[in-house]
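A short worksheet on the structure shown next.
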2 protein chains.
Amino acid sequence: MTVSNVMNGKPGASEETRRRVLEVAGRLGYRPNVSARNLKGGRSGLIGLIALDLTSQYGLEILRGVADELADAEQELLVNASYHDAAREKDRVEFLGRGLVDGVLMIAPVLEDETVKLLRRQNLPCVIIDPRRLEVPLPRLSVDNYHGMRQGTQHLIDLGHTRIAYIRGEEDLESTSVRFQGFEDAMRLAGLKVDPRMVASCDFSYASGFRTATQLISEHRPTAIVAGADLMALGAVDAARASGLDVPSEFSVVGFDDLPQAAQSFPGLTTVRQPLHDMGQKAARALLSLIEGQKLLMEHMEVGTQLVIRNSTAPPRRGAEG
Amino acid sequence: MTVSNVMNGKPGASEETRRRVLEVAGRLGYRPNVSARNLKGGRSGLIGLIALDLTSQYGLEILRGVADELADAEQELLVNASYHDAAREKDRVEFLGRGLVDGVLMIAPVLEDETVKLLRRQNLPCVIIDPRRLEVPLPRLSVDNYHGMRQGTQHLIDLGHTRIAYIRGEEDLESTSVRFQGFEDAMRLAGLKVDPRMVASCDFSYASGFRTATQLISEHRPTAIVAGADLMALGAVDAARASGLDVPSEFSVVGFDDLPQAAQSFPGLTTVRQPLHDMGQKAARALLSLIEGQKLLMEHMEVGTQLVIRNSTAPPRRGAEG
DNA sequence: CTGTTAGCGCATTCAA
DNA sequence: TTGAATGCGCTAACAG
């Protein structure tokens, strides 16, 4: 009817009628039904976001970026968590793909081959943020982990540290190896060698960072630690303190991510900043293009990092190094 | 058709047919369209959650509870943020009410009268978690702020503190006054009087807690601070440290909430635990009943708190008190 | 047990 | 400029 046109702000309705329609609609509290509109239009106005969980600040910063970008796009966000479980992740994709959403954003997904196939079969636009495997055959956005970590390590080297320990993140992410490569190369190019006993693996948590750092400190007496993620770095700061070392005067720590906690901790954490909010925006923008039916200029987008120097790093104490 | 019955696992279809249908469906990758089903059924299978923002752990812990409860209910969660803005909050309610969701959960909403009316008019089931005004005429779930804070304060009194400062939260929440009342009564009943200069207002952030505590400490030399929220308490811990006081040997801090950070901070924060996860579950369960058309047993549900003693509190140093 | 009919609320198309 | 018809994909109710 004409009502439809009026409600959607289309032309083709006299002022008089338009006014009358709006008046009645207001009086009755009429609102267009979303399901019906979607059924007709073949779109739901919803974007699915599959995050690892709903608690890590890492994912939430990205989420904020996505939400900000979507705010102007008349698309709402349906948030799901996979809880690091490949089966659940696939289930979520399957569910969202039943026409519930127009496209999907995934943060650091496991992305088994089966799941990739499912996405293709359902013809569901999808952008991967921070993929675990860089060559996954889907549009994706990743961070320049290599140069980021190289720069973070270089900062410690410039301060005069030589006994630098490294805490790796989870091993099933390629980024863990790429970051470590950046660390190794920075060390090597500075003429320092990496003692394999001063390198430890760890999940991304504060607790495991604390544990691992405590052990590294007591066994090998580094003067600084580089961690592959902020939470582990914050754990390392507290581990140093618990071991009786002041940060930064007696022990330095560099993180990676620049989560909100990094700025709020005491002392502020020196870290390599991933532009998480930007990443969310960029990925959302790409997904919107895909939904509009456009092709992406690049299947693989990459964003840069930035060293943020705060107060968890300082030159080593005299005599402590070497 | 029979297909529909088969797909929905209803009886009334021979094994033979059922098998054939499923086979073909599988081969074609057929999935029932959600919009169409919703249009027909008048339900969307979606629950809207309107949080203040997507970054505070407070809201996220509740969200997790909600998500856990909904996992078994075949309802998905549509997450929205109001960014503390009454207009945006109302807009979100209006939007979700267009048939997009079957019900709404709101966390600490502003909830202007207009918004309440809108909810009623749209006949949208709704449960408020942690309402700003306790008597808002909607089903709601709140925390026993009074006894919680009384208990937290009593803990410091029991340790021997007498010069106890208090940091209030935002003033537009009734809980801020209720918690303060608990503090005041605990003090009064212990024969201690509350020095108004040792009471300060503050927003709920770490930064404002840090600032406020720094000032309280330098001007009035309390031996302990009670904060109306964990983030402010964590700010107070760091403020004490920055003022040269060791926590807890020289200065004690009690928080309120028991966010994940409280356990992770160094030293662990003594705090009054709100069962945030439970609250999310409970509210979600109540909302599901409402959606099923059942009446709630109580319009106003209340949950209790629990004192969690960690390492940010200890007896005052000799001679420091009084 | 299976197939047919109708209608959920909207927007597109075409006719008046 | 307006109104009537049609169909999106599904399911409830019924007829075969």
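Here is the naming used below: chain letters follow the sequence lines, and residue numbers restart at 1 for every chain.
Residues satisfying the salt bridge (Lys or Arg N to Asp or Glu O under 4.0 Å) criterion with A:Arg20, sequence neighbours excluded, are absent altogether. B:Asp203 meets the side-chain hydrogen bond (donor to acceptor under 3.5 Å, both in side chains) test with B:Ser205, B:Ser208; sequence neighbours excluded.
Residues B:Asp230 and B:Tyr58 have side chains that never bring a donor and an acceptor to within less than 3.5 angstrom of each other. Under 3.5 Å, the side chains of A:Asp144 and A:Thr305 contain no donor-acceptor pair of N or O atoms.
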Report, one pair per line, the protein and nucleotides 6-10 of chain D atoms (nitrogen or oxygen only) whose separation is under 3.5 Å.
residue, atom, partner, partner atom, Å
D:dG7, N2, A:Lys40, NZ, 3.1
D:dC10, OP1, B:Tyr30, OH, 2.6
D:dC10, OP1, B:Asn33, N, 2.8
D:dC10, OP2, B:Tyr30, OH, 3.2

Distances under 3.5 Å between nitrogen or oxygen atoms of protein and nucleotides 14-16 of chain C:
none

- Stepwise side chain to side chain donor-acceptor pair (under 3.5 Å) test for B:Asp130 and B:Ser142: CA-CA 5 Å; B:Asp130 197 9; B:Ser142 56; over 6 Å; no

- Task: Under the salt bridge (Lys or Arg N to Asp or Glu O under 4.0 Å) rule, what do A:Glu94 and A:Lys90 come out as? Steps first, then yes or no, please.
- Result: CA-CA 6 Å; A:Glu94 201 277 310; A:Lys90 185 170 156 219; over 6 Å; no

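Here the shortest heavy-atom pairing between A:Arg273 and A:Asp258 reads NE-OD2, 3.1 Å.
Salt bridge annotation for B:Glu23-B:Arg19: absent, with no cationic side-chain nitrogen under 4.0 angstrom from a carboxylate oxygen. The pair A:Glu69-A:Arg285 counts as a salt bridge, with a side-chain nitrogen and a carboxylate oxygen less than 4.0 angstrom apart. A salt bridge does not link A:Arg92 with A:Glu89: every distance from a Lys NZ or Arg NE/NH1/NH2 to an Asp or Glu carboxylate oxygen is 4.0 Å or more.
DNA chain D is contacted by A:Ser14, A:Thr17 of residues 14-21 of chain A, taking any non-hydrogen atom closer than 4.0 Å.
The CG-C1' distance, from B:Asn5 to D:dA13, rounds to 11 Å in whole Å.
Heavy atoms of other residues, nucleotides or ligands lying less than 6.0 angstrom from CG of A:Leu297 number 12 at most. Enclosure of atom CD in B:Glu74 is not indicated, since only 12 or fewer non-hydrogen atoms of other residues, nucleotides or ligands lie within 6.0 angstrom.
Annotated stems with DNA chain C as a participant read C:3-16 with D:1-14, given as range with range, by first number; only runs of 3 or more Watson-Crick or G-U pairs under 3.5 Å qualify.
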